[in-house]
Amino acid sequence: MVKPPEHLVRRDRPLFIDGAWHAGEGDDTIEVVDPCRGDSFATLGTASAAQIETAAKAADRAFHDWRHSSGKRRAELLSGIADGLAARREGLISLQMLNNGKPRPEAEIDLSDAEACFRYYADLARDLDEVPAPERMSDPDWLGLRRSAPIGPVGMIVPWNFPLVTSAWKLAPALAAGCTAVLKVSEMTPLAELVYGDIASEIGLPPGVLNIVTGFAGAGQAITSDPHFRKFSFTGSNAVGAMVMAAAAKRTVPVSLELGGKSPIVVTSDADLDQAVELIAGGIFFNCGQMCSATSRLIVENGIADRLLDALVAAAESLKIGAPDSAEMGPITTRPQYDQIERHLARARSQDVRCLTGGALIEDLPGYFVQPTIYDDVDRDSFLWRDELFGPILSVRRFTGDDQAVELANDTAFGLVGTVVSGDPDRAARLGDRIDAGHVWINAPQIILPDSLWGGFRASGIGRELGRAGLESYREQKILTLPAE
């Protein structure tokens with residue numbers, strides 16, 4: 001595997017605050033691990049509480065000029081960030097392969113989607129210079145002038161599974177809207193997003209508009225307790241999301257939460273078998289199942305179930321698992337998650353759940369590898385059906401009739417995504433309409449375009465990212481009422 005450039009890995013000053021790099025003054029250090037071997041390959045300092053306060057003040061100070069910069073200027077800088085990512089493409093891909101264990105195609109997608117996101121919001125930023133015309137109100141004696149304003153400095157906390165694109169979904173619309181940001185990167189994969197600081201310096205992004213800090217849970221708590229922030233945006237677990245929401249509630253500031261999922265993939269009996277296998281495998285084994293969007297519950301119509309499961313088991317058992325330069329499925333990214341997966345598999349064995357394939361760790365490989373796993377006839381009360389497992393573990397139930405399919409699909413506390421695979425497009429669309437989720441794919445892989453929409457129903461979160469909704473989530477709406485002449 002090609003090694004990432006040293007300057008992306010060796011960071012003795014990993015904090016980007018007010019336009020300059022700083023050494024971490026926190027008490028802890030981060031050991032950055034290669035999950036394919038379980039070895040640390042870099043050590044990183046962390047931010048102290050005082051440094052996070054300094055970053056928040058820098059974002060607050062920078063906001064007053066940034067908010068009044070033209071949309072055209074912000075678009076130029078967002079395009080510059082996209083260009084900076086493109087210029088560093090090979091180095092960042094190799095870094096993602098090393099730190100996340102992503103097979104090369106998955107690392108390429110993370111980078112390409114991040115770049116596309118910044119270009120999309122650059123286009124939207126240009127449109128913000130247009131001033132809406134006055135509009136007549138319901139009473140003809142009065143006119144209304146509708147306006148929008150950026151919310152202010154935003155505290156952002158992102159996870160480890162898709163480092164570049166998850167942060168891009170927050171940074172790009174926020175900066176386009178005229179907000180400033182302090183981004184806390186994951187302690188598991190802290191290196192990739194630091195490149196945004198390199199690019200910010202290179203393109204002349206005003207100091208304080210973008211700040212990046214490293215750290216553990218304490219750093220996140222320092223962000224959510226800082227009074228300079230006027231919004232928080234978080235992607236991660238429901239448990240931490242609840243804490244972010246509670247912190248936001250104390251100050252009554254807005255919050256965007258993108259949380260967990262336990263998503264369905266519904267396959268009807270007239271579906272193309274090969275396509276169904278491809279979409280099911282992609283939905284649960286891509287990124288080793290470490291996705292809030294993983295379609296981890298297969299709901300298959302009786303008429304096709306046996307043939308489909310035979311083909312799916314064969315596909316799972318033929319997956320090439322190993323190091324990122326040659327594998328189709330990599331390792332679990334972090335040791336804690338690997339240990340959690342081991343406990344899930346042991347619990348399933350203790351409950352005698354019918355395992356069609358997998359169900360164990362891969363112990364003859366170094367690092368955090370697990371077998372792609374499929375459980376059949378999973379009870380609806382089982383943790384396998386109810387809980388987000390964040391690994392390559394698929395649970396299966398069968399259905400007869402669309403009403404039962406919808407009942408099973410919506411039998412979850414979450415509602416992030418869903419997929420329908422069917423030979424009848426109209427039936428597929430009707431099923432998709434009845435699934436309670438923020439994004440439903442019809443006979444399609446989990447493609448997520450920057451002009452689409454991301455966010456979930458129920459416990460999957462609050463608010464939406466991507467598209468115009470993503471931009472508006474960083475803007476406040478106002479209206480001026482004045483006499484009509």
Side-chain angles (χ1 to χ4, degrees), residues 15 24 26-28 30 46-56 59-60 151-163 166-167 169-171 174 179 181-190 193 211-262 290-293 333-337 339-340 343 383 386-390 412-416 438 454-465 473-474:
L15 312 183
D27 294 332
D28 302 313
I30 296 171
T46 57
S48 66
Q51 287 180 303
I52 288 176
E53 181 181 4
T54 299
D60 184 53
I151 285 180
V154 182
M156 302 174 173
I157 302 173
V158 293
W160 44 264
N161 53 343
F162 294 95
T166 305
S167 51
W169 288 3
K170 301 181 188 303
L171 288 174
C179 295
V182 175
L183 173 72
K184 179 201 168 298
V185 300
S186 167
E187 65 271 26
M188 302 294 183
T189 56
E193 295 106 310
N211 307 271
I212 309 172
V213 297
T214 59
F216 293 86
Q221 291 165 354
I223 288 176
T224 56
S225 62
D226 192 289
H228 295 91
F229 294 114
R230 298 179 195 171
K231 173 174 177 167
F232 300 114
S233 181
F234 170 79
T235 296
S237 71
N238 282 66
V240 178
M243 289 189 280
V244 172
M245 189 171 177
K250 285 184 180 178
R251 294 182 43 232
T252 326
V253 296
V255 60
S256 292
L257 301 175
E258 202 274 88
L259 306 176
K262 189 67 181 177
Q290 301 168 110
M291 308 181 290
C292 50
S293 64
T333 299
T334 76
R335 180 72 200 212
Q337 184 61 22
D339 293 341
Q340 183 67 38
R343 289 191 288 272
F383 76 98
R386 294 283 167 200
D387 298 347
E388 182 179 44
L389 306 183
F390 232 63
T412 173
F414 299 101
L416 184 60
W454 195 251
F457 288 28
R458 303 172 180 163
S460 286
I462 295 173
R464 293 293 182 269
E465 295 184 309
S473 75
Y474 292 98

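- When the side-chain contact (heavy atoms from CB on, under 4.5 Å) test is applied to S237, the partners found at least two apart in sequence or on another chain are A239, V240.
- The closest donor-acceptor contact from the side chain of K262 to the backbone of D387 lies under 3.5 Å.
- By the side-chain hydrogen bond (donor to acceptor under 3.5 Å, both in side chains) test, E465 pairs with K170, sequence neighbours left out.
- The two residues A248 and V255 make their nearest non-hydrogen contact at CB-CB, 4.0 Å.
- A heavy-atom distance below 4.5 Å is found between the side chains of F234 and L259.
- Evaluation of the side-chain contact (heavy atoms from CB on, under 4.5 Å) rule for S186 yields W160, M188, T189 as partners, not counting sequence neighbours.
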Between R335 and D339, does a salt bridge (charged side-chain N to carboxylate O under 4.0 Å, His left out) hold up when you go through it step by step?
CA-CA 6 Å; R335 180 72 200 212; D339 293 341; 3.0 Å; yes

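- Sorted by first and then second residue, the salt bridge (charged side-chain N to carboxylate O under 4.0 Å, His left out) pairs with a member in residues 225-238 read D60-R230; sequence neighbours excluded.
- Separation of atoms CZ (F229) and CD1 (I223) is listed at 5.5 Å; rounding is to 0.5 Å.
- Nearest heavy atoms, K184 versus A219: CE-CB, 3.9 Å.
- Closest approach of G152 to C179, counting heavy atoms only: O-CB, 3.2 Å.
- For residues 248-260, no pair satisfies salt bridge (charged side-chain N to carboxylate O under 4.0 Å, His left out), with sequence neighbours left out.
- Residues that satisfy the side-chain contact (heavy atoms from CB on, under 4.5 Å) test with A222, not counting sequence neighbours, are I52.
- T412 places a side-chain heavy atom less than 4.5 Å from the side chain of R458.
- Every residue two or more places apart in sequence or in another chain was checked for a side-chain hydrogen bond (donor to acceptor under 3.5 Å, both in side chains) with D28, and none qualifies.
- Side-chain contact between M243 and T224 is absent, with no heavy-atom pair separated by less than 4.5 Å.
- A distance of 7.0 Å separates OG1 in T46 from CG in D27, rounded to the nearest 0.5 Å.
- Legend: residues meeting salt bridge (Lys or Arg N to Asp or Glu O under 4.0 Å) with E53, ordered by chain and number and at least two apart, are K57.
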Verdict with reasoning, I157 to F232, per side chain to side chain contact (heavy atoms under 4.5 Å, CB included)
CA-CA 8 Å; I157 302 173; F232 300 114; over 6 Å; no

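- For the pair E388 and M291, the tightest heavy-atom approach, listed with the atom from each and the gap, is OE2-O, 4.2 Å.
- Qualifying side-chain hydrogen bond (donor to acceptor under 3.5 Å, both in side chains) partners for R464, counting only residues two or more places apart in sequence or in other chains: none.
- Taking 4.5 Å as the limit, some side-chain heavy atom of T166 sits within range of a side-chain heavy atom of P159.
- Qualifying ring-ring contact (aromatic ring centres under 6.0 Å, His included) partners for W169, counting only residues two or more places apart in sequence or in other chains: W454.
- Across N211, V213, V158, a single residue satisfies side chain to side chain contact (heavy atoms under 4.5 Å, CB included) together with L183, and that is V158.
- R343 contributes atom CZ, which lies 4.5 Å from atom CD of Q340 (distance to the nearest 0.5 angstrom).
- In terms of modelled atom types and a separation under 3.5 Å, the side chain of S256 and the main chain of S233 share no donor-acceptor contact.
- By the 4.5 Å heavy-atom criterion applied to side chains, L171 and E193 are not counted as neighbours.
- Side-chain contact between T235 and M156 is absent, with no heavy-atom pair separated by less than 4.5 Å.
- Under the rule for a side-chain contact (heavy atoms from CB on, under 4.5 Å), the partners of A459 that lie at least two apart in sequence or sit in another chain are N238, F414.
- T214 meets the side-chain hydrogen bond (donor to acceptor under 3.5 Å, both in side chains) test with no other residue; sequence neighbours excluded.
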